[in-house]
Amino acid sequence: MPKLPIYMDNHATTPVDPRVLEAMLPYFSGKFGNAASRNHSFGWEAEEAVDRARGQIAQLINAKSKEIIITSGATESDNLAIKGVVEFYKDKGDHIVTCVTEHKAVLDSCRALERAGKATVTYLPVDKYGMVDPDDVRKAITDRTVLVAIMYANNEVGTIHPIAAIGRIARERGVVFHCDAVQAAGKIPVDVDRDNIDLLAISAHKIYGPKGVGALYVRSRGPRVRLTPQMDGGGHERGMRSGTLNVTGIVGLGKACEIAAAGMAEENRRLLDLRDKLQAGIFERLDEVYLNGHPRERLPGNLNISFAYVEGESLLMGLNDIAVSSGSACTSATLEPSYVIRALGVGDELAHSSIRFGIGRFNTEDEVDFVTDRVTREVRRLREMSPLYEMAREGVDLKSVQWKAE
Ligand SMILES: *Cc1c(COP(=O)(O)O)cnc(C)c1O
């Protein structure tokens, strides 16, 4: 019996890896210098630590150290990339191409620019697996387009977009390509050169690092990408992001990147085994369950399932010793079904009944077995109380039923 509660929501955040914590600890007290202090050893020590971390971050995505701009997390990285490009290239154009299943940090940055009259935005649809068609990107680009913003892998359904193909199209058309790689970098191989990526957002707390620190990769040549800073001040980070550096956080992010790069292949095999076991266990035991996301081109730790005739929220309540997310709750306090699941063409009912399992580095096979068992029992229990499920089982076509008005 595994220790409860079980955390299986690793797309939302991850625990700090003990090796990351250990690397960070000295920089809270003894080595507390300001990395911008140029005239004493305290400053040099901090700067050295930041330089090392910058190298570790760069290596994870095949970039150069000087191309890494430290931020407070991926929300800031996405804001800086999108607003920074649109403002800097305003004489060239004002059009953005993005997609409907992007993270709110991207969608709301685009909306803010639209509302301010600074940009027009094309929101590309996705197919039933949540994937963008590179041809749609090609067709959407106009002479006014200054930015393509498509995420590497989706945080709800795990679908991995054909990023190299999209990058090639953007490069051919001379349009800057920003990629929110928060769920991909450190999980699957990401290479800014192979993928023709110009700007890329990552976040430490999604890869077993601390919360409140992230980075934006900014291509320095072939072509050099320019940005209007969104934070003014001391001119840190080559003028692109002022503010005293969060040295402990940066050390943590660097270490998290190093660990992720070194163990990626092995960890992926392990996560895939656990994920496939969970998926098979649920699908073998229950009828009327549907996979959301791409069957193959999907993050190894991701499993998003709709359990027909069951409210995701009720299911979550029944699973009080397991931490997972539902497609009803993740957007806000309102019970709107997830915009990501809906964008796949899944109806409201099934979107409301979706649960996201995020398997991570510290989950065990015991936990997967426990979760399989708890979920199947809870779904059966809820369905036993559902008249709709009874009717469907008796062969009633629910779509043809004339419901009596209240
Ligand atoms: C978590 C997440 C973000 C936001 O990152 P923060 O560092 O928490 O601001 C952005 N994009 C995606 C895809 C995410 O999963």
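All ligand and atom numbering here is 1-based and tracks the order in the structure. Just so it is clear, the model here is predicted, and its values are computed rather than measured.
One side chain, Glu288 or Tyr290, offers a donor N or O that lies under 3.5 Å from an acceptor on the other.
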N or O contacts of ligand 1 with protein under 3.5 Å, please list pair by pair.
unit_1	atom_1	unit_2	atom_2	d
ligand 1	7 (O)	Ala74	N	2.9
ligand 1	7 (O)	Ser203	OG	2.6
ligand 1	8 (O)	His205	NE2	2.8
ligand 1	9 (O)	Thr75	N	3.0
ligand 1	9 (O)	Thr75	OG1	2.6
ligand 1	11 (N)	Asp180	OD1	3.4
ligand 1	11 (N)	Asp180	OD2	2.6
ligand 1	15 (O)	Gln183	NE2	2.7
ligand 1	15 (O)	Lys206	NZ	2.8

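Between the Asn10 side chain and the Gly358 main chain, a donor and an acceptor come within less than 3.5 Å of each other. Under a 3.5 Å cut-off, the side chain of Tyr27 and the backbone N or O of Ser29 do not form any donor-acceptor pair.
Glu390 has its side chain out of reach of Val396: every pair of non-hydrogen atoms, C-beta onward, lies at least 4.5 Å apart.
Ring centroid separation for the pair Phe32 and Phe42 comes in under the 6.0 Å cut-off.
Heavy atoms only, all atoms of each residue included: Cys110 and Ile82 are closest at SG-CG2, 4.3 Å.
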